[in-house]
S.K.: 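Would you mind keeping the following structure in view while I ask a few things?
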Amino acid sequence: MDFFHSIGFSIPDLVLVLSKNPCILASSLDNLIVPAYGFLKNILGTDNFVILTAKRAPWLLHKDLHKIMGPKIELLHDHGVPNSRISTMIRQQPRCFHIVHPDRFTRDLVKLKAMDIGPSISSFYMAFGTILSMSESHWEEKLELYRSFGWSEADVLSTFKKQPIIMRISKDKIRRVMDFLLKELGLRLSIIARYPHLLFYSLEKTIIPRSSVIRVLTSHGILNKDVNFYSICHLSEKKFLEKYVIKYQEMVPQVSQAYQGKTIIGD
């Protein structure tokens with residue numbers, strides 16, 4: 001406990017970490033905990049990053065990280081991944097460095113290279129973590145689902161390169177959001193590919209109420225039909241209400257009804 005306090009763990013931090021993984025208290029301080037801390041500090045750079053990562057993955061504090069993580073980090077170095085990106089990957093997705101076999105690391109690094117996603121690209125660490133977290137069959141199912149809406153495989157991979165999280169969205173949400181964007185709003189696939197964040201928004205809480213408001217305002221000639229729907233969804237709730245609901249609710253009372261779900265978008 002003195003050691004953990006000395007590197008900056010607060011009492012609430014320790015309560016969280018030890019309640020998640022009480023095995024830490026049965027582990028050797030000199031043979032496991034201190035070497036694990038040193039390994040993490042060397043990669044992550046600061047005690048604060050060590051603490052934040054340990055809160056996410058307490059097992060890190062009582063494992064032989066040189067044996068578990070060392071070979072994978074060497075593989076990343078061999079493929080040109082700098083320490084700064086390795087540090088980010090460990091902080092964001094430490095589980096991948098625990099359960100994924102080094103052979104899988106090699107295979108997926110080669111896969112990313114074939115997609116022209118290298119360490120110099122900002123989305124690299126998220127793309128790599130996404131691929132590591134998915135089985136081959138799950139990956140193929142997602143590819144096929146996106147293709148079923150009209151994208152080619154090249155389109156999907158190009159969008160994945162831009163925003164890797166598209167492959168982590170559930171299949172049900174992909175179907176519902178894509179259906180709505182394409183069929184109800186009439187957006188082109190190229191627009192969705194340009195703004196893949198559209199797929200992340202809640203259909204019920206954001207996309208439907210905001211598109212209903214925009215439909216009402218365009219039908220009254222207040223807004224241009226070519227309004228950028230991504231910019232609409234990207235606004236905070238407060239900004240959207242101020243700019244599109246409160247501003248026009250006296251002139252067009254239907255905007256309030258539309259926002260509350262009382263106006264059908266097709267009306």
Side-chain angles (χ1 to χ4, degrees), residues 88 92 115-117 120-127 129-130 142-143 145-267:
T88 300
Q92 295 290 330
M115 297 179 198
D116 197 28
I117 302 176
S120 62
I121 295 176
S122 60
S123 62
F124 171 81
Y125 81 90
M126 189 60 70
T130 297
K142 290 288 181 72
L143 274 179
L145 178 56
Y146 281 116
R147 286 197 296 258
S148 71
F149 288 100
W151 268 339
S152 66
E153 183 167 338
D155 292 330
V156 180
L157 296 182
S158 175
T159 307
F160 171 74
K161 182 177 180 179
K162 182 187 301 181
Q163 183 47 261
I165 304 300
I166 66 163
M167 297 301 272
R168 295 192 184 192
I169 305 171
S170 72
K171 289 185 286 185
D172 177 63
K173 183 172 182 180
I174 292 171
R175 288 190 191 96
R176 294 191 304 114
V177 175
M178 287 288 282
D179 270 335
F180 191 86
L181 294 177
L182 293 171
K183 297 176 182 177
E184 295 294 336
L185 296 188
L187 294 186
R188 298 189 304 275
L189 282 169
S190 60
I191 295 296
I192 302 173
R194 187 184 305 169
Y195 303 108
H197 273 87
L198 282 169
L199 298 172
F200 305 159
Y201 294 111
S202 167
L203 193 60
E204 292 76 15
K205 295 180 180 179
T206 301
I207 295 176
I208 290 177
R210 295 193 183 192
S211 60
S212 296
V213 168
I214 299 306
R215 177 66 63 87
V216 169
L217 293 177
T218 54
S219 70
H220 282 75
I222 294 172
L223 294 181
N224 190 301
K225 290 184 178 180
D226 295 328
V227 63
N228 186 324
F229 188 61
Y230 170 70
S231 66
I232 299 294
C233 290
H234 191 61
L235 290 172
S236 68
E237 194 76 6
K238 181 181 178 182
K239 287 288 185 183
F240 178 80
L241 286 169
E242 290 174 350
K243 190 172 182 179
Y244 295 105
V245 179
I246 297 171
K247 183 177 179 179
Y248 297 111
Q249 62 187 358
E250 290 188 11
M251 185 190 312
V252 187
Q254 296 97 316
V255 293
S256 294
Q257 296 175 321
Y259 192 69
Q260 294 167 21
K262 296 176 183 178
T263 298
I264 304 301
I265 191 170
D267 284 356

S.K.: Give me the atom names and distance for the closest heavy-atom approach of Lys173 to Phe200.
M.R.: NZ-O, 2.6 Å
S.K.: Counting neighbours of NZ on Lys247 that are heavy atoms of other residues, nucleotides or ligands and sit closer than 6.0 Å, is the number greater than 12?
M.R.: no
S.K.: How long is the span from the CG atom in Leu182 to the CG atom in Asp179, to the nearest 0.5 Å?
M.R.: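 These two atoms lie 7.5 Å from each other.
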S.K.: Please report the interatomic distance OG(Ser148) to CG(Leu143), rounded to the nearest 0.5 Å.
M.R.: 11.0 Å
S.K.: I need the Ile207 CD1 to Ser212 OG distance, nearest 0.5 Å.
M.R.: 11.5 Å
S.K.: Is it true that a side-chain atom of Lys239 and a backbone atom of His234 form a donor plus acceptor pair closer than 3.5 Å?
M.R.: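 No; zero donor-acceptor contacts below 3.5 Å.
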S.K.: To check you understand the geometry: which heavy-atom pair defines the closest contact between Leu217 and Tyr244, and what is its length?
M.R.: CD1-O, 3.6 Å
S.K.: Using 0.5 Å steps for rounding, measure from the CG atom of Asn224 to the CD1 atom of Ile214.
M.R.: 11.5 Å
S.K.: Is any side-chain heavy atom of Val216 closer than 4.5 Å to a side-chain heavy atom of Tyr248?
M.R.: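 They are not in side-chain contact.
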S.K.: Could you note down all residue pairs passing salt bridge (charged side-chain N to carboxylate O under 4.0 Å, His left out) where residues 148-169 supplies at least one of them, sequence neighbours left out?
M.R.: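 Checked against salt bridge (charged side-chain N to carboxylate O under 4.0 Å, His left out) - neighbours excluded - the pairs reaching residues 148-169 are Asp116-Lys161, Arg147-Glu153.
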S.K.: Any donor and acceptor pair, going by atom type alone, linking the side chain of Arg210 with main-chain N or O of Phe240 inside 3.5 Å?
M.R.: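 Such a contact is absent between Arg210 side chain and Phe240 backbone.
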S.K.: When rounded to the nearest 0.5 angstrom, what is the spacing between CG in Leu145 and CH2 in Trp151?
M.R.: 10.0 Å
S.K.: Would you call Ile222 and Met251 a side-chain contact if the rule is heavy atoms closer than 4.5 Å?
M.R.: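 Answer yes - side chains close enough.
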S.K.: Provide the closest heavy-atom pair for Ile208 versus Ser211 in the form atom of the first, atom of the second, distance.
M.R.: O-OG, 3.0 Å
S.K.: CD1 of Ile232 to OG1 of Thr206: how many Å apart, nearest 0.5 Å?
M.R.: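 With rounding to 0.5 Å, CD1 (Ile232) is 12.0 Å from OG1 (Thr206).
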S.K.: Less than 3.5 Å apart, which donor and acceptor atoms pair up between the side chains of residues 186-199 and the rest of the protein, not counting sequence neighbours?
M.R.:
| from | atom 1 | to | atom 2 | distance (Å) |
| --- | --- | --- | --- | --- |
| Tyr195 | OH | Asn228 | ND2 | 3.2 |
| His197 | NE2 | Gln163 | NE2 | 3.4 |

S.K.: Using the rule given for side chain to side chain contact (heavy atoms under 4.5 Å, CB included), can you reason through Ile166 versus Ile174, listing the C-alpha separation, both sets of side-chain angles and the distance that settles it, and then say yes or no?
M.R.: CA-CA 9 Å; Ile166 66 163; Ile174 292 171; over 6 Å; no
S.K.: Please find the pair of heavy atoms, one from Pro164 and one from Ser123, that lie closest to each other, and give the distance.
M.R.: CG-O, 3.7 Å
S.K.: Could you list all the salt bridge (charged side-chain N to carboxylate O under 4.0 Å, His left out) pairs where at least one residue sits in residues 197-207, not counting sequence neighbours?
M.R.: Arg176-Glu204
S.K.: For residues Tyr146 and Met167, report the shortest heavy-atom separation together with the two atoms involved.
M.R.: CE1-SD, 3.9 Å
